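Fair warning: this is a prediction, and the values are worked out from it, not measured in the lab. Because only heavy atoms are used, hydrogens play no part in the values below, and waters and symmetry mates are left out as well, while side chains stay in.
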There are 2 protein chains.
Amino acid sequence: MTGQGLQAHSAPTASEALDLLERGIEADRLITVFGQCRVEYEGRAASSLEAGNRLTVLKPDGTILVHTDTGQQPVNWQPPGCTHESRLEGGQLVVESHRSNPDEQLLVTFERVDQVVVYDGSGESDVTVMGTEADLRDRILDRPELVEAGFEPRATERETSAGAVDIYGTDSDDNAVAVELKRRRVGPDAVSQLNRYVEALESDLHAGRTVRGILVAPSVTDRAHNLLERRGLEFVSLSPDPE
Amino acid sequence: MTGQGLQAHSAPTASEALDLLERGIEADRLITVFGQCRVEYEGRAASSLEAGNRLTVLKPDGTILVHTDTGQQPVNWQPPGCTHESRLEGGQLVVESHRSNPDEQLLVTFERVDQVVVYDGSGESDVTVMGTEADLRDRILDRPELVEAGFEPRATERETSAGAVDIYGTDSDDNAVAVELKRRRVGPDAVSQLNRYVEALESDLHAGRTVRGILVAPSVTDRAHNLLERRGLEFVSLSPDPE
DNA sequence: CACTCTATCTCGGCT
DNA sequence: AGCCGAGGTAGAGTG
């Protein structure tokens, strides 16, 4: 199985590396190349990266990642949907990843290849994440009184002219209530978002109807708190986890 | 050089893999592990991932990434600053990455290890990106008439009680002007942001002073356009690239 | 395809 | 350390 599932070659020549890459790309394998390389990107923006020892990852869905030994983010990349090509240029291995819409290309030129690994990374499995905004929503739908005594959810993702309100409902006086959910501490952006929904509802609903806006999140920053007050919006502290 | 810079082992036993990992972590190397693994994460959220063939990357700055053969983003990860540990559990290689603040841990359990590569990825070099928001700002500071004839920039990143305005200046009638820059097509969020700055300036400056808000971006969405009109804000179409 | 919003966002800068 | 905003954000969901 390993013989079919993985091929590795230490310190290959450029043409040996090219051979591995071409066959790996053809066979839809996950490919890693360790080596000293330069990187050029041009597309939505443009960037240039001088020679250094890096890890390049090619995925069968068209993703390419160039990682240094620091940082979680790749130093250069292309998203899924690109076409990988490899060739020799002046005796050096060159990997080119290209896509249209937008027109972009990433060029990785290896001055030295230290290792190539071609791997069969297939075998799907889904990751299930808990503690998301959806969990916070479900928690409130289960127990609306966590927002406020008398609160009654009427709809989730209710469409308005400004976008969809997370939870739309009524309070004990039958006022309309827009609830915006955030799974973590929020800044002014979330308050503006809620404000847009409240204004849209005031405009969409028949005139005179009172619309309250309630932000539900674990906590808010100072500026967000001030903005809430100025906008006449409310805040309820609640976390996605029952803790 | 390659002997020192890179060590690779195909289809190692769990204890051989553990040995490579421990020495690689100790030596601050970039480490990749190919193999069938399960992943458990618990921290800001929680997730669980069943067994599958994946690529795990350990960086000397404490980053850990678990990649499948699709997608640009890792399926599980931990940011820089974590502590990597490796051990055997029931004959299986286990990699644990942990940090405090917030308290999080990622557990990768290998049911089979296909390949371990330990690499010296050092040798820094900076990446220079062009076509960013800073380039758009510089373009306007060079030629303020691109925003409007008579526009005079007075400050960049001018602080207000709502945050920093990208470019603050005056128009030909000596009105205050707040310019918000976006390098790409924008939605309602950017309009709300600009509106917050304009309101803050109206409040901060002496009463009666007219404050105009101008959004500069390549284009806006429909909802953003409507919101601009409702808020009495303006839009100028401009791209970071002179093209 | 475009638009909107979430994210274990990450990252850098500043207070 | 927290707050704030940018990002070549990516990715999901919807019309």
Side-chain angles (χ1 to χ4, degrees), chain A residues 41-47 63 65 70-81 99 101-106 127 129-134 136-137 157 159-160 162-166 180-190 193 196-197 219-225 240, chain B residues 39 41-47 63-65 70-82 97 99 101-106 127 129-137 157 159-160 162-166 180-190 193 196-197 219-225 240-241:
Chain A
Y41 157 74
E42 184 148 3
R44 286 166 291 178
S47 76
T63 303
L65 310 168
T70 57
Q72 175 180 329
Q73 295 305 123
V75 65
N76 273 120
W77 70 94
Q78 281 292 94
R99 70 162 172 165
N101 198 344
D103 191 36
E104 293 193 303
Q105 85 174 27
L106 188 70
V127 56
V129 184
M130 294 165 299
T132 65
E133 187 178 293
L136 179 55
R137 182 197 62 210
E157 299 301 318
E159 280 299 330
T160 74
V165 177
D166 285 337
E180 173 65 24
L181 307 173
K182 296 292 170 188
R183 64 177 301 280
R184 59 171 185 161
R185 184 174 178 84
V186 298
D189 52 338
Q193 195 180 335
R196 293 200 300 270
Y197 298 151
S219 61
V220 295
T221 66
D222 273 354
R223 260 181 200 161
H225 182 79
Chain B
V39 187
Y41 157 74
E42 183 148 4
R44 287 164 290 178
S47 78
T63 302
I64 181 169
L65 310 168
T70 58
Q72 174 180 330
Q73 295 304 123
V75 65
N76 273 121
W77 71 93
Q78 281 294 97
C82 292
S97 190
R99 69 163 172 165
N101 197 0
D103 192 36
E104 294 193 301
Q105 84 174 29
L106 187 69
V127 57
V129 183
M130 293 165 300
T132 63
E133 188 178 291
D135 293 311
L136 179 56
R137 182 197 60 210
E157 300 299 321
E159 280 300 332
T160 73
V165 177
D166 286 338
E180 174 65 24
L181 308 173
K182 295 294 169 189
R183 66 174 302 279
R184 56 172 189 166
R185 185 174 176 82
V186 297
D189 52 339
Q193 195 180 337
R196 293 199 300 271
Y197 297 152
S219 62
V220 295
T221 65
D222 272 354
R223 259 180 199 160
H225 181 77
D241 310 303

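Applying the 3.5 Å distance criterion, the base of D:dG8 shares a donor-acceptor pair with the side chain of A:N76.
For the pair A:N101 and A:V127, both in contact range of DNA chain C, the more 5′-proximal nearest nucleotide belongs to A:N101. Nearest-nucleotide positions on DNA chain C for B:Q78 and A:G71 put B:Q78 closer to the 5' end. Checking A:S47 against A:P188, the closest nucleotide of DNA chain D that is more toward the 5' end is the one next to A:P188. Along DNA chain D, the nucleotide nearest A:T221 and the nucleotide nearest B:T132 are compared for position; the residue whose nucleotide lies closer to the 5' end is A:T221.
Rounded to whole Å, the distance from CD on B:E159 to P on D:dC3 is 16 Å. If you take CG of A:D189 and C1' of C:dA7, they are 13 Å apart, rounded to a whole angstrom. The distance between atom CG of A:L181 and atom P of C:dC5, rounded to the nearest whole Å, is 14 Å. Atom CZ of A:R185 is separated from atom P of C:dT6 by 18 Å (rounded to the nearest Å). Atom CD of B:E157 and atom C1' of C:dG13 are 10 Å apart (whole Å). The separation between A:H225 atom NE2 and D:dC4 atom C1' is 18 Å, rounded to whole Å. Here C:dG12 presents its P atom at 12 Å from CD of A:Q72, a figure rounded to the nearest Å. The CD atom of A:E133 sits 16 Å away from the P atom of D:dA12 (whole-angstrom rounding).
Contact between the side-chain N/O atoms of B:W77 and the OP1/OP2 oxygens of C:dT10 is found at a separation under 4.0 Å. Under 4.0 angstrom from either OP1 or OP2 of C:dC9 there lies at least one side-chain N or O belonging to A:R183. Distances shown here put a side-chain N or O of B:R184 below 4.0 Å from the OP1 or OP2 atom of D:dT9. Between B:Y197 and the phosphate of D:dC4, there is no side-chain N or O to OP1/OP2 separation shorter than 4.0 Å.
Between A:T63 and A:L65, some side-chain heavy-atom pair lies under the 4.5 Å cut-off. Contact check for A:T221 versus A:P188: side-chain heavy atoms found under the 4.5 Å cut-off. Between B:V165 and B:E180 the shortest side-chain heavy-atom distance does not fall below 4.5 Å. Contact check for B:V39 versus B:V75: no side-chain heavy atoms found under the 4.5 Å cut-off.
The B:R223 side chain lies nearest to C:dT4 when the options are D:dG8, C:dT4, C:dT6. Distances were taken from every side-chain heavy atom of B:R44 (C-beta onward) to each of C:dT10, D:dG5, C:dT6; the shortest belongs to C:dT10. Of the candidate nucleotides D:dG2, D:dG8, D:dG11, D:dG11 has the atom lying nearest to any side-chain atom of B:Q73. In this structure, of C:dC11, C:dT6, C:dT8, it is C:dT8 that holds the atom nearest to the side chain of B:Y41.
Using a 4.0 Å heavy-atom criterion, one finds that A:R196 contacts the sugar-phosphate atoms exclusively. At a threshold of 4.0 angstrom between heavy atoms, the contacts of A:E42 with the nucleic acid are absent. Looking at heavy-atom distances under 4.0 Å, A:A224 makes no contact with the nucleic acid at all. Here B:P80 lies in heavy-atom contact (under 4.0 Å) with sugar-phosphate atoms only. In this structure, A:E180 reaches the sugar-phosphate backbone alone: every heavy-atom distance under 4.0 Å involves primed, P, OP1 or OP2 atoms, never a base. Here B:A134 lies out of heavy-atom contact (under 4.0 Å) with every strand.
To the nearest whole angstrom, the two P atoms, one in C:dT8 and one in D:dG5, are 22 Å apart. Distance check on atom P: C:dC11 versus D:dG11 gives 15 Å, rounded to whole Å.
No more than 12 heavy atoms of other residues, nucleotides or ligands lie within 6.0 Å of CD in B:E42, so this atom counts as exposed by the packing criterion. With a 6.0 Å radius and a threshold of 12 heavy atoms from other residues, nucleotides or ligands, B:D103 has its CG atom above the threshold.
For B:E133 and B:R183, the salt-bridge test fails: no basic side-chain N is under 4.0 Å from an acidic carboxylate O.
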